[in-house]
Amino acid sequence: MVLFAWEQAGAVLAGLQDVLTGSPDELTVQSGVLAGPDGKPVVFLSPTWSGDDAAAGERALARLGGLGTPLLSQIGPATMPEMLAGIDAQFPFGRHVEIRPRSVPSLSPGVREVLSVAGSTLTSPYSAVSVHHLHGAAARVPVTETAFGNRDPHLMIEIIALWEPGDAQAAGHRAWAADVARALEPDALPGGYPNLLGDDESAQIAHAYGPNAERLLKVKHRYDPDRIFRAIPLPDPS
């Protein structure tokens, strides 16, 4: 995890787009905005180098740290369970969550502006916007070989509103997430990440599986005609 002061958000995100454009398969960079230890918004980078060439990884991570003047930089070897445990800590049992996903081709100026507004208008100290970097080997799998509908390199933006039970501002936290998602519409790709789509995201659901939707609906009709299993939405068969 690397944190940068909010005043550096524009420069860090613009520099990050340059890094992502030419990044090798071994490097992925999760990024976004959240509230720092003092409650003020910060930009975060959470890079992962998964490769045998440690020296190349160190150079790549040093370049990310050089995008600004970090407030905090914690970079070192980690196992997958350790990384997942760090994510789990953000979602303790009982905390309320509203997630709105959007997929975009890149950190374009428009997307960077939305991220800037999102960080400046955080309504909860637990909320965040997390940008997931999808590229490399996963982008070389033919789109019809799995259910996943987008095999082009892209960014999946996870807009996360989080608050404690009994928070009187719950409606405001939900509205913040919806507003950020709506602001990303002009730059968004069709569809969205199915695991994060709610039933009300009909426009994204319709395109979430790309050319795989028809065969998935046939399988669904055969094995679950009454739609007993519906946690992950499918397009309307009509």
Side-chain angles (χ1 to χ4, degrees), residues 1-90 101-120 122 126-140 152-160 180 184 187 189 193:
M1 179 71 77
V2 185
L3 301 182
F4 295 92
W6 193 237
E7 293 76 16
Q8 301 179 58
V12 170
L13 292 174
L16 176 60
Q17 173 55 36
D18 291 338
V19 172
L20 298 183
T21 298
S23 62
D25 286 8
E26 292 86 353
L27 177 66
T28 58
V29 187
Q30 189 173 349
S31 59
V33 300
L34 48 73
D38 61 358
K40 296 179 180 179
V42 296
V43 176
F44 78 87
L45 305 182
S46 183
T48 300
W49 178 269
S50 181
D52 296 326
D53 190 342
E58 290 174 358
R59 289 193 297 271
L61 299 179
R63 183 183 178 193
L64 289 167
L67 295 178
T69 304
L71 295 170
L72 170 73
S73 181
Q74 295 178 328
I75 300 293
T79 65
M80 182 60 75
E82 289 170 341
M83 294 174 65
L84 293 175
I87 296 172
D88 290 343
Q90 186 181 3
R102 289 287 183 191
S103 294
V104 299
S106 67
L107 284 174
S108 66
V111 171
R112 299 198 301 266
E113 175 61 25
V114 173
L115 293 178
S116 178
V117 172
S120 299
L122 284 170
Y126 308 115
S127 295
V129 180
S130 182
V131 182
H132 299 263
H133 179 204
L134 303 178
H135 77 126
R140 295 191 288 272
D152 294 326
H154 67 281
L155 304 173
M156 191 278 284
I157 300 181
E158 191 177 4
I159 305 156
I160 309 166
V180 175
L184 286 168
D187 293 280
L189 296 165
Y193 187 65

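Positions are given from 1, in the same order as the sequence printed here. Keep in mind that this is a model prediction, so the values were computed, not measured.
Atom CD1 in I160 sits 8.5 Å away from atom OG in S127 (nearest 0.5 Å). Rounded to the nearest 0.5 angstrom, S103 OG and M156 CE are separated by 6.5 Å. Of the inter-residue distances, the one linking L155 atom CG with S106 atom OG reads 7.0 Å to the nearest 0.5 angstrom.
The closest donor-acceptor contact from the side chain of E82 to the backbone of T79 lies under 3.5 Å. For the pair R112 (side chain) and L107 (backbone), a donor-acceptor distance under 3.5 Å is present.
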Donor-acceptor contacts, no H, no angles, side chain residues 56-77, under 3.5 Å, sequence neighbours left out:
none

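For CZ of F44, the number of neighbouring non-hydrogen atoms (other residues, nucleotides, ligands) closer than 6.0 Å is greater than 12.
In this structure E7 satisfies the side-chain hydrogen bond (donor to acceptor under 3.5 Å, both in side chains) test with no other residue, sequence neighbours excluded. By the side-chain hydrogen bond (donor to acceptor under 3.5 Å, both in side chains) test, S120 is found to be paired with W6, residues two or more places apart in sequence or in another chain being considered. Evaluation of the side-chain hydrogen bond (donor to acceptor under 3.5 Å, both in side chains) rule for D53 yields no partner, not counting sequence neighbours. Under the side-chain contact (heavy atoms from CB on, under 4.5 Å) criterion, T48 pairs with T28, M83, not counting sequence neighbours. Under the side-chain hydrogen bond (donor to acceptor under 3.5 Å, both in side chains) criterion, S108 pairs with D187, not counting sequence neighbours. Residues passing the ring-ring contact (aromatic ring centres under 6.0 Å, His included) test with H133, sequence neighbours excluded: H135.
Residue pairs meeting the salt bridge (Lys or Arg N to Asp or Glu O under 4.0 Å) criterion with at least one partner in residues 17-42, sequence neighbours excluded, are D25-R140.
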*Tell me, with the steps shown, if V2 and V43 meet side chain to side chain contact (heavy atoms under 4.5 Å, CB included).*
CA-CA 8 Å; V2 185; V43 176; over 6 Å; no
